[in-house]
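Just so you know, residue 1 is the first one in the sequence shown, and it goes up from there.
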Amino acid sequence: MDKFLITGPCKVKGQVSISGSKNAALPILASTLLFDKPVVIENLPRVRDIDTMLNLLKSLGSKIKFSKNKKTVKIYKTKKQNYFASYSLVKTMRAGILVLGPLISKYHKSITSLPGGCLIGARPVNYHLSALKKLGMKYEIKKGYIHATSKGKLKGTKIKFSKISVGATENSIIAATLAQGKTTLKNCAIEPEIKDLTNFLKSAGANIKWIGKRTCQIIGVNSLNPTTYSVMGDRIETGTFCVAAALTKGDLTIKNFNPKLIQTELNLLKRSGAKIKTNKNEIKIKGPQKIKSINSIFTKEYPNFPTDLQAQFMVLMCKANGRSSITESIFENRFMHVAELRRLGAKIVIKDNKATMEGNTEFTGAELMSSDLRASVALVLAAIISKGQSVINRIYHLDRGYEKIENKLKKIGVRIKRLS
Ligand code: EPZ
């Protein structure tokens, strides 16, 4: 298994360009199952989860043609349509559940594996299933698979999500696109990646309108037209590089991301002392000489502070000049990085879902273990500001969601090597 060797401390300086968003690309790729005609998706990140989703689409009968740099795909429907989404593919990437909505909406049948949990939580899909059921899906769960059918087309209806869920919102929007009549979804998640999904579907002729802050109205159409769509930049990768600059007294220009979509994070970074200038698709960020502590950060649904940046900000707060706390309110077990940060010298106390960081801690390089995608990148950030060498094991977690991160980090001054 690959590992990273990082020799710190380093300062990041220069320019980095952000790859396409994994969490926008995954639902967009799943929704190509709705199409009869070919569809072109551009600016895909070259990360493992995208490969897994493309393999899942192939297993369902889609034909995939890659461009030279593999960032653009042309997806064709074939005659060998299949409706079985296997556990072997879905277990490695929970977003596999997003093929259920398009399959039931287009083909009125599907056998999709339950995704199973992951390290950060049980990750149930009850909100997905209850919403699709309201649209007319009948299902029963047998041996870990969702056996789903519908009597002809799904029927538009009114749905209010009892809890805000990114995936359940995406699955429902995709399924309602070809349903009969009007669907109104209330209490939707409104992450930018979901807006990217609805922009993509609208570019193919879907009738989708955001009629309230968290209310989406979809009027079903008979079919979708061919389209070419470029996926938005990755919001979490952008936030991660911003933290890298803030952590290392760095000076970074981050390109290919719309700064309007991470105002909450940029405001927090300014409160920690970073100097930030933004243009249309660019962020210039300078790290402070002294990082100011922020006494309490809460992860919440968009547009609040995202859970996917919680681990990265924890590293920043370990180096701040005072005590701070972060409360994780989205997932039940998303502090796996804390034990690893303590090995570097971090002083963090956890009580329930709240972590309190003593600031002004010196980190010394050590051997570390990755646990989940975002925790792994937090370990990379911590190793970058540690004195001496760190080894980060099991970086396949990182490869799921960050495109060639070591190349990007090397270019901005980080002493990092991948050991296979
Ligand atoms: C998406 O996961 C993202 N994944 C996650 O990013 C992200 O952390 C999460 O949204 C929150 O922003 C993708 O977009 C592929 P949810 P998702 O449904 O859709 C519970 C990463 O690192 N819940 O908003 O699974 C759930 O357990 C990943 O890229 C139910 O109880 O998130 C969680 O506690 C990690 N029942 C909370 O709701 C359900 O049916 C929010 O989950 C669905 C969710």
Inset, instruction - May I ask you to decide if Gly345's main-chain N or O and Thr361's side chain share a donor-acceptor pair within less than 3.5 Å? - result: no
Inset, instruction - Using a strict 4.0 Å threshold on nitrogen-to-oxygen distance, state whether Arg48 and Glu403 make a salt bridge. - result: no
Legend entry - Candidate pair Arg400 and Val47, rule side-chain contact (heavy atoms from CB on, under 4.5 Å), full reasoning: CA-CA 5 Å; Arg400 286 189 51 187; Val47 296; over 6 Å; no
Inset, instruction - Can you tell me which residue pairs pass the side-chain hydrogen bond (donor to acceptor under 3.5 Å, both in side chains) test with a partner in residues 410-420, sequence neighbours excluded? - result: Asp2-Arg418, Asp2-Ser420, Asp399-Arg418, Glu406-Arg418
Legend entry - Salt-bridge contact Glu237-Lys408 (side-chain N to carboxylate O under 4.0 Å): yes
Inset, instruction - Give a yes or no on whether the backbone of Asn295 and the side-chain of Ser293 come within a donor-acceptor separation of less than 3.5 Å. - result: no
Inset, instruction - Drop me the distance from Ile297's CD1 to Phe305's CZ, to the nearest 0.5 angstrom. - result: 5.5 Å
Inset, instruction - Please tell me if the side chains of Ser296 and Thr327 come closer than 4.5 Å, counting only heavy atoms from C-beta onward. - result: no
Legend entry - Asn171 (side chain) donor-acceptor with Gly167 (main chain) under 3.5 angstrom: no
Legend entry - Side chain Asn353, main chain Glu332, donor-acceptor under 3.5 Å: no
Inset, instruction - Test Leu29 against every option in Asp49, Ile64, Val73 by the side-chain contact (heavy atoms from CB on, under 4.5 Å) rule and name the one that passes. - result: Val73
Legend entry - Ser86 vs Tyr145 side-chain heavy atoms within contact, under 4.5 Å: yes
Inset, instruction - Measure from the side-chain N and O atoms of Tyr402 to the backbone N and O of Arg374, and report whether any donor-acceptor pair falls under 3.5 Å. - result: no
Legend entry - Glu282/Lys255 salt bridge by N-O under 4.0 Å criterion: yes
Legend entry - Check: Lys70 main-chain N/O paired with Arg46 side-chain donor or acceptor under 3.5 Å: yes
Legend entry - Short side-chain to backbone donor-acceptor contact, His147 and Ile111, under 3.5 Å: no
Legend entry - Asn82 CG to Lys58 NZ distance, which is reported to the nearest 0.5 Å: 14.5 Å
Legend entry - With Leu100, the side-chain contact (heavy atoms from CB on, under 4.5 Å) member among Val125, Leu129, Ile174: Leu129
Inset, instruction - Any chance you could measure Phe35, atom CZ, to Leu178, atom CG, to the nearest 0.5 Å? - result: 9.0 Å
Legend entry - Summary of side-chain hydrogen bond (donor to acceptor under 3.5 Å, both in side chains) pairs that have at least one residue in residues 337-346, sequence neighbours excluded: Gln310-His337
Legend entry - Arg214 vs Asn187 side-chain heavy atoms within contact, under 4.5 Å: yes
Inset, instruction - Check for a donor-acceptor pair, side chain of Glu328 on one end and backbone N or O of Ile330 on the other, with a separation under 3.5 Å. - result: yes
Inset, instruction - Kindly say whether Gly101 contributes a backbone atom to a donor-acceptor pair with the side chain of Ser105 at under 3.5 angstrom? - result: no
Inset, instruction - Salt-bridge test for Lys142 and Glu140: reply yes if a basic N is under 4.0 Å from a carboxylate O, no otherwise. - result: yes
Inset, instruction - Measure the spacing between CG of Leu197 and CD of Glu170 and express it to the nearest 0.5 Å. - result: 6.0 Å
Legend entry - Salt bridge flag under 4.0 Å for residues Arg235 and Asp308: no
Inset, instruction - Measure from NZ or CZ of Lys186 to the centre of the six-membered ring of Phe161 and say whether it is under 6.0 Å with the direction within 45° of the ring axis. - result: no
Legend entry - Spatial distance of atom CD1 (Ile236) from atom OG (Ser21) [nearest 0.5 Å]: 8.5 Å
Legend entry - Contact check, side chains of Met317 and Ile294, non-hydrogen atoms, under 4.5 Å: yes
Legend entry - Under 3.5 Å: donor-acceptor pair, side chain of Ser390, backbone of Ala366: yes
Legend entry - Glu191 and Asn23, any side-chain heavy atoms less than 4.5 Å apart: no
Legend entry - Approximate separation, where rounding is to 0.5 Å, of Ile104 CD1 and Ser150 OG: 4.5 Å
Legend entry - Heavy-atom closest pair, residues Ser165 and His128: OG-NE2, 4.3 Å
Inset, instruction - Please confirm whether Lys109 makes a cation-pi placement over Tyr107, using NZ or CZ under 6.0 Å from the six-membered ring centre and within 45° of the ring normal. - result: no
